[in-house]
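Have a look at the structure below, then the notes.
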Amino acid sequence: MILEIDDNLVIYRKDGYYKPEFSPYFLYKDDQGPIKKIWKEFKPKQLQKREAPDTKAIKSLILDVPEPYEYDIPLKKRYQIDTRTAPHYIKDELTYLAFDIEVYNEGGAVDARKDPIIAISYATKDKADVLMLSNGNRQTPYKSEKQLIKAFMDIVLTYDPDILVGYNSFMFDLPYLQKRAKKHGIVFNIARWGLDMGKKKVKIPGRIHVDMYKIVRLFKRLGVIEVKDYTLKTVYETLFGEDKFSITKNEIWKMWQDGDKDLWEYSLSDALATKALFEHFFDLIIELSHTSRTFMQELVSSTPGQLVENLLLYEGGPEFLIPALPSREEVEYRESNPIKGAYVKLPEPGIYENIAVLDFRSLYPSIIITYNIDYYTYNKEGKGYISPLGHAFLDHPQGLIPRILEGLIDERDAIKKKLKEDPDNKQLQARAQALKVLANSFYGYMGYPRSRYYLREAAESVTAWGRKHIMEVIEEAEKWGFKVLYTDTDSVFLIYEKKEDILRFLEYINKKLPGKMRLDLENFYIRGLFVTKKGEEAGAKKKYALLAEDGSVKIRGFELVRRDWSPIARETQRKVLDIILKEGSKEKAISYIQEVVKRLRRGEVKPEELVITSQITKSLDKYDVISPEVMAAKRLRQKGEKVKPGTLIRYIIAAQDGKTSDKAWPYELFKSHNLQYDAEYYIHHQVLPAVMKLIQELGVSEAELTENIKQSSLDSF
DNA sequence: GCGAGCAGCGTACCT
DNA sequence: ACAGGTACGCTGCTCGCG
């Protein structure tokens with residue numbers, strides 16, 4: 001079992017490592033036809049200096065070769081393609097150790113130059129412990145930070161795990177350990193064979209380093225999980241539905257000084273939670289690795305686009321000529337010419353009964369397979385399937401992406417069958433999920449400007465066929481006498497009288513659909529709500545709530561699903577939606593809203609309920625417009641906190657003069673400065689906007705509600 | 001100098 | 001750094017008024 005292949009083509013197994021004999025090549029055409037040229041023969045001097053041929057260097061050296069091909073394939077990929085080497089992990093043979101460090105810091109940003117490590121926790125399959133640094137109040141075996149770090153190194157080297165698991169360990173724990181060790185004149189080395197770790201990147205030769213933070217971000221992009229932020233606590237709690245032990249981070253230093261047992265508990269809980277996350281996703285990590293032909297170490301730092309590319313290179317490499325990566329100019333050109341996407345029907349606002357939701361099963365993958373849409377089947381002479389935009393795709397031979405997609409979908413169907421007999425089989429579940437998320441990523445990759453296999457004509461044909469098919473369903477449904485409430489991309493909302501009519505309609509449509517395409521019943525709903533756009537008569541797209549027969553409520557788009565709205569507004573909206581869908585009581589909805597307004601005016605609402613969360617996406621100085629989250633972020637930075645792209649800012653609007661952004665304070669500062677919240681802001685900019693459109697559908701006018709609110713505010717004083 | 005109206009930016013959502 | 005379609009808050013500008 002190969003654990004990892006690094007960029008220098010060193011192959012690591014559990015029992016050792018080796019470097020295979022391998023001569024990478026590129027192709028070029030001349031009068032004689034295609035010729036294979038070995039890289040190191042081409043310009044020996046420049047290239048043999050390096051362990052790994054640098055594809056960029058090669059590219060610049062072969063510009064004078066007529067029609068060069070496949071000169072930019074990374075060495076590791078070239079090796080995988082030519083020797084048919086792909087990951088095959090065996091779960092039961094892999095050992096792992098999760099870990100986490102705590103740092104002493106009395107305020108401001110944590111700084112490796114001054115702040116020592118005070119605790120290191122770890123957890124393996126059957127053991128967990130905390131190594132805590134001694135202090136005046138609590139004696140432990142670790143009298144110095146140096147001893148602490150060495151003890152942890154010993155634990156790793158003795159347990160000898162194949163996989164080292166952390167949470168944000170790429171960016172924090174491992175570099176921090178390295179820096180602190182260096183300060184004490186030792187090398188932090190936990191490699192398997194005594195090799196040094198990389199100077200820049202954190203590398204642990206012989207082991208796989210899995211940073212669960214990165215995995216969580218990848219899984220979010222793949223649509224595997226849904227989390228509101230990426231802290232270990234949030235992710236753990238969303239996944240397992242139970243509270244994780246936590247403490248206030250800026251009290252860690254004090255807790256350590258006091259010898260507080262809760263710090264020990266907290267440190268342990270971080271290692272245990274990291275381990276739990278890893279174990280929860282272990283099967284899926286392995287299956288995604290297998291399916292995308294991506295070794296686990298690479299998978300950890302991959303994007304969905306890379307996974308798709310790896311699979312395409314591996315499957316197509318030996319047979320199809322691999323297209324080169326696009327130049328910067330080409331990427332810019334592609335970016336400035338986006339392709340037309342899906343069709344969304346404008347809904348009529350209102351409350352409806354008896355709604356059936358139908359949707360196409362894997363719409364874009366099924367279109368790609370059915371019409372054989374591919375980089376290699378695109379035909380300029382107009383032969384084959386003609387898309388609604390007039391682009392042609394040969395009906396045979398089968399293209400690379402259609403072939404791969406069909407393989408993924410067929411295998412998934414086979415696994416689904418097996419799962420019927422063995423429903424609790426975790427490995428099969430993970431395999432089915434891996435196949436699904438990968439299949440769903442291909443359309444995006446076709447239209448991804450940096451893709452090797454980008455083809456505008458292909459990507460825009462996929463969406464054009466998608467629009468055509470959904471339009472046809474709308475037309476047919478109307479012919480059948482159904483009211484078509486709403487459609488978005490691949491789903492159709494119909495109002496029905498008898499469920500049986502819907503089933504007959506489905507059967508009729510499916511008989512007419514070509515190839516792999518299929519329309520499914522998603523569910524029947526008792527009641528549904530569509531609202532207007534703010535301040536307009538027209539319906540709002542991508543915003544609705546549906547009450548299913550089992551009492552569950554499906555909510556899309558509303559403020560209550562958005563993290564950049566405060567919990568108080570979201571919770572009030574959720575409650576009002578519930579009242580509307582389940583009871584339809586105007587009075588109850590109004591009195592609930594009044595209660596919330598009163599609580600806000602009386603200052604009874606806790607700060608946690610007022611926190612608005614928003615992400616910073618670029619460097620703080622690059623913002624031209626200072627929005628509330630940017631202002632709050634600047635206040636954090638002033639205090640010494642690091643704010644980078646990707647940082648989530650949690651802020652509260654305080655009662656003071658000025659623009660909204662002037663009043664935006666980071667949650668921590670809001671509390672430590674003993675600020676008051678701006679009740680009127682939360683009433684008029686959060687709670688009321690969130691519920692107004694809902695109760696309008698119940699026939700409550702804005703005047704009626706504000707009148708009630710004025711009265712309720714009088715009552716409260 | 002001031003408020004209303006609006007464009008553009010920015011974020012997070014839906015499929 | 002896999003796609004496009006959409007809603008909506010906020011800032012900061014222009015404009016009309018005086």
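A note on names: the letters A, B, ... follow the listed sequences, proteins ahead of strands, and every chain is numbered from 1.
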Pick base, sugar-phosphate or nothing for [X], based on heavy-atom distances below 4.0 Å to the nucleic acid.
{"X": "A:Tyr486", "answer": "nothing"}
{"X": "A:Lys618", "answer": "sugar-phosphate"}
{"X": "A:Leu307", "answer": "nothing"}
{"X": "A:Val561", "answer": "sugar-phosphate"}

side-chain hydrogen bond (donor to acceptor under 3.5 Å, both in side chains) partners for A:Arg637, two or more places apart: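 So A:Arg637 forms a side-chain hydrogen bond (donor to acceptor under 3.5 Å, both in side chains) with A:Asp621.
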
Run the side chain to side chain contact (heavy atoms under 4.5 Å, CB included) test against [X] and tell me which residues pass, sequence neighbours left out.
{"X": "A:Lys644", "value": "A:Met171, A:Thr647"}
{"X": "A:Gln306", "value": "A:Ser302, A:Thr303"}
{"X": "A:Glu641", "value": "A:Leu636, A:Lys639"}
{"X": "A:Asp359", "value": "A:Ser491, A:Asp520, A:Glu522"}

Side-chain atoms of residues 443-451 of chain A: list all donor-acceptor pairs with protein atoms under 3.5 Å, sequence neighbours left out, distances to 0.1 Å.
from     : atom 1 : to       : atom 2 : distance (Å)
A:Tyr445 : OH     : A:Glu309 : OE1    : 3.1
A:Ser451 : OG     : A:Tyr445 : O      : 3.3
A:Ser451 : OG     : A:Tyr453 : N      : 2.9
A:Ser451 : OG     : A:Tyr454 : N      : 3.1

Whole Å only: how far is the [atom1] atom of [X] from the [atom2] atom of [N]?
{"X": "A:Met631", "N": "B:dC9", "atom1": "CE", "atom2": "C1'", "value": "16 Å"}
{"X": "A:Asp624", "N": "B:dG10", "atom1": "CG", "atom2": "P", "value": "6 Å"}
{"X": "A:Asp229", "N": "B:dA12", "atom1": "CG", "atom2": "P", "value": "11 Å"}
{"X": "A:Asp359", "N": "B:dC14", "atom1": "CG", "atom2": "C1'", "value": "13 Å"}
{"X": "A:Ile616", "N": "B:dC9", "atom1": "CD1", "atom2": "P", "value": "17 Å"}
{"X": "A:Glu226", "N": "B:dT15", "atom1": "CD", "atom2": "C1'", "value": "14 Å"}
{"X": "A:Leu560", "N": "B:dC14", "atom1": "CG", "atom2": "C1'", "value": "14 Å"}

Where protein sits on nucleotides 1-9 of chain C, one letter per nucleotide: B base, S sugar-phosphate only, - none, heavy atoms under 4.0 Å: BBSBBSSSS

Positions of residues 452-470 of chain A (non-hydrogen atom under 4.0 Å from DNA chain C), listed by number: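 Result for residues 452-470 of chain A: none.
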
Sequence neighbours excluded - ring-ring contact (aromatic ring centres under 6.0 Å, His included) pairs with any residue from residues 644-665 of chain A: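 Listed by first then second residue: A:Trp665-A:His673.
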
Contact check, side chains of A:Tyr376 and A:Leu455, non-hydrogen atoms, under 4.5 Å: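 No; the side chains remain at least 4.5 Å from each other.
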
Contacts of A:Arg293 that satisfy salt bridge (Lys or Arg N to Asp or Glu O under 4.0 Å) - sequence neighbours left out: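 A:Glu315.
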
All salt bridge (Lys or Arg N to Asp or Glu O under 4.0 Å) counterparts of A:Lys534, not counting sequence neighbours: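 Here no residue qualifies.
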
Pair A:Thr234-A:Asp229, side-chain donor/acceptor within less than 3.5 Å: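 Side chains of A:Thr234 and A:Asp229: pair found under 3.5 Å.
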
Short side-chain N/O contact from A:Thr617 to OP1 or OP2 of B:dT11, under 4.0 Å: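 True: A:Thr617 side-chain N/O within range (under 4.0 Å) of B:dT11 OP1/OP2.
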
Sub-6.0 Å ring centroid separation between A:Tyr496 and A:Phe524: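 For A:Tyr496 and A:Phe524, the ring centres are under 6.0 Å apart.
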
Please tabulate the protein-to-nucleotide N/O contacts below 3.5 Å involving nucleotides 2-8 of chain B, giving atom names and distances.
none

